[in-house]
Amino acid sequence: MTDIFGVPIAVLLGQLLLGLINGSFYALLSLGLAIIFGMLNVINFAHGAFYMLGGFAAWLLLSSLGLGYWETLVIAPLVVGALGAVVERLFLKRLYRIDHLYSLLLTFGIALMLEGLFRHVFGAAGKPYPIPPSLTGGINLGFMFLPVYRAWVIVASLAVCLATWLAIERTRLGAYLRAATENPSLVQAFGINVPLMLTLTYAFCVGLAGFAGALAAPLYQVSPGMGSSIIIVVFAVVVIGGMGSIGGAIVTALALGVIEGLTKTFYPAASSIAVFVVMVLVILIRPSGLFSREA
């Protein structure tokens, strides 16, 4: 059997692999969003802007300071995380225990300001970021020629997502963090600096977005609008998996990337709305999300 419903198997497998690559970016971004909502009770609409900042930080470190790819991949998320810590201390710490609408409006405003600022300084055109020599070339899989860099994106994303999930769900630090979100006064009584813990959590999560932006820089041109073009899909991923469900965000992101790939194969015209169709169906059946503890 060489085709399925008239589509060659090689084409189908190639699209599924490309969908997995997109899902890897969705996973990194939705993971940070899920942690921020689940632990800090904040809807962080600025997440796409931090993703964009990660891409620009990598590009600026390369073009202005001459740093290599591996250095920028480490430094860019740290820079974005530090900016996130400043945003949390100045603005978000006041919104933890009030209606989600306030955090959504605040972070949406921050996203618009950052995108507008970078559009004014750098223009709307994309900035090229070369693939590092160590990750050029490709792998012959038989059904397609897979660029080494795209394979690296999948491996790096899955490794970071798995390590983050283990840290939150299986370590003492994760237990302290979960307890701090439920009863901060009790945790503080044990000598734990809860405000600092929450600041570092937000910084880490936006640092994940910055890491995703630095990873994406060689694949897509770095531009001020790169965050706004992906954030709506990432929010849909989080809603489908369950707001605050960390494992659900990772699994859903990868699955939806594959679904996008399938849709592009069998009905390309619907590929841009496939995620939202799934979201509507899930909301109708399980409003709290597929992996939510409340579902």
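When atom types are taken as modelled, the side chain of S271 and the backbone of P268 share a donor-acceptor pair closer than 3.5 angstrom. A distance-only check finds a donor-acceptor pair linking the side chain of T107 to the backbone of I43 [under 3.5 Å]. Of the possible donor and acceptor atoms, none in the side chain of S103 sits under 3.5 Å from a partner among the backbone N and O of D99. When atom types are taken as modelled, the side chain of E71 and the backbone of G68 share a donor-acceptor pair closer than 3.5 angstrom. S228 places a side-chain N or O within donor-acceptor distance of the main-chain N or O of G225, the cut-off being under 3.5 Å.
Nearest heavy-atom pair, P224 versus M52, reported as atom, atom and distance to 0.1 Å: O-CG, 3.7 Å. Counting all heavy atoms, side chain and backbone alike, Y51 lies closest to A216 at OH-CB, 3.3 Å. The two residues V275 and I240 make their nearest non-hydrogen contact at O-CD1, 3.8 Å. What you find for T252 and V237 is that their closest heavy atoms are CG2-O, 3.6 Å. For the residue pair N41 and I98, the shortest heavy atom distance occurs at ND2-O, 4.2 Å. A217 and V222 get closest at one heavy-atom pair: CB-CG2, 3.7 Å.
Within a 6.0 Å sphere centred on OH of Y102, heavy atoms belonging to other residues, nucleotides or ligands number 12 at most. The 12-atom threshold is exceeded at CZ of F122, counting heavy atoms of other residues, nucleotides or ligands nearer than 6.0 Å.
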Is there a side-chain contact (heavy atoms from CB on, under 4.5 Å) between M39 and Y202? Walk through the geometry before answering. CA-CA 9 Å; M39 304 296 179; Y202 186 80; over 6 Å; no
Working note: L65 + L60, criterion side-chain contact (heavy atoms from CB on, under 4.5 Å); need CA distance, chi angles, decisive distance, verdict. CA-CA 7 Å; L65 300 181; L60 288 170; over 6 Å; no
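For F235 and H47, the gap between ring centers reaches or exceeds 6.0 Å.
Classified by interplanar angle (parallel below 30°, tilted 30° to 60°, perpendicular above 60°), the ring pair W152/W70 is perpendicular.
For the atom pair CG of L254 and CD1 of I259, the computed distance is 11.0 Å after rounding to the nearest 0.5 Å. With rounding to the nearest 0.5 angstrom, the NZ atom of K127 is 7.0 Å from the CZ atom of F56. In this structure, SG in C205 is found 11.5 Å from CG in L28, a value given to the nearest 0.5 Å. Rounding to the nearest 0.5 angstrom, the gap separating the CD1 atom in I110 from the CD atom in E115 is 14.0 Å. The distance from the CZ atom of R286 to the CZ atom of F291 is 9.0 Å, given to the nearest 0.5 Å. Note that CG of L29 and CD1 of I231 are 6.5 Å apart. Values are rounded to the nearest 0.5 Å.
Neither side chain, Y69 nor S134, offers a donor N or O lying under 3.5 Å from an acceptor on the other.
Ion pairing between a basic and an acidic side chain is recognised when a charged N comes within 4.0 Å of a carboxylate O; E260 and K264 show no such pairing.
Just one residue in the list I131, I21, T136 forms a side chain to side chain contact (heavy atoms under 4.5 Å, CB included) with Y149, and that residue is I131.
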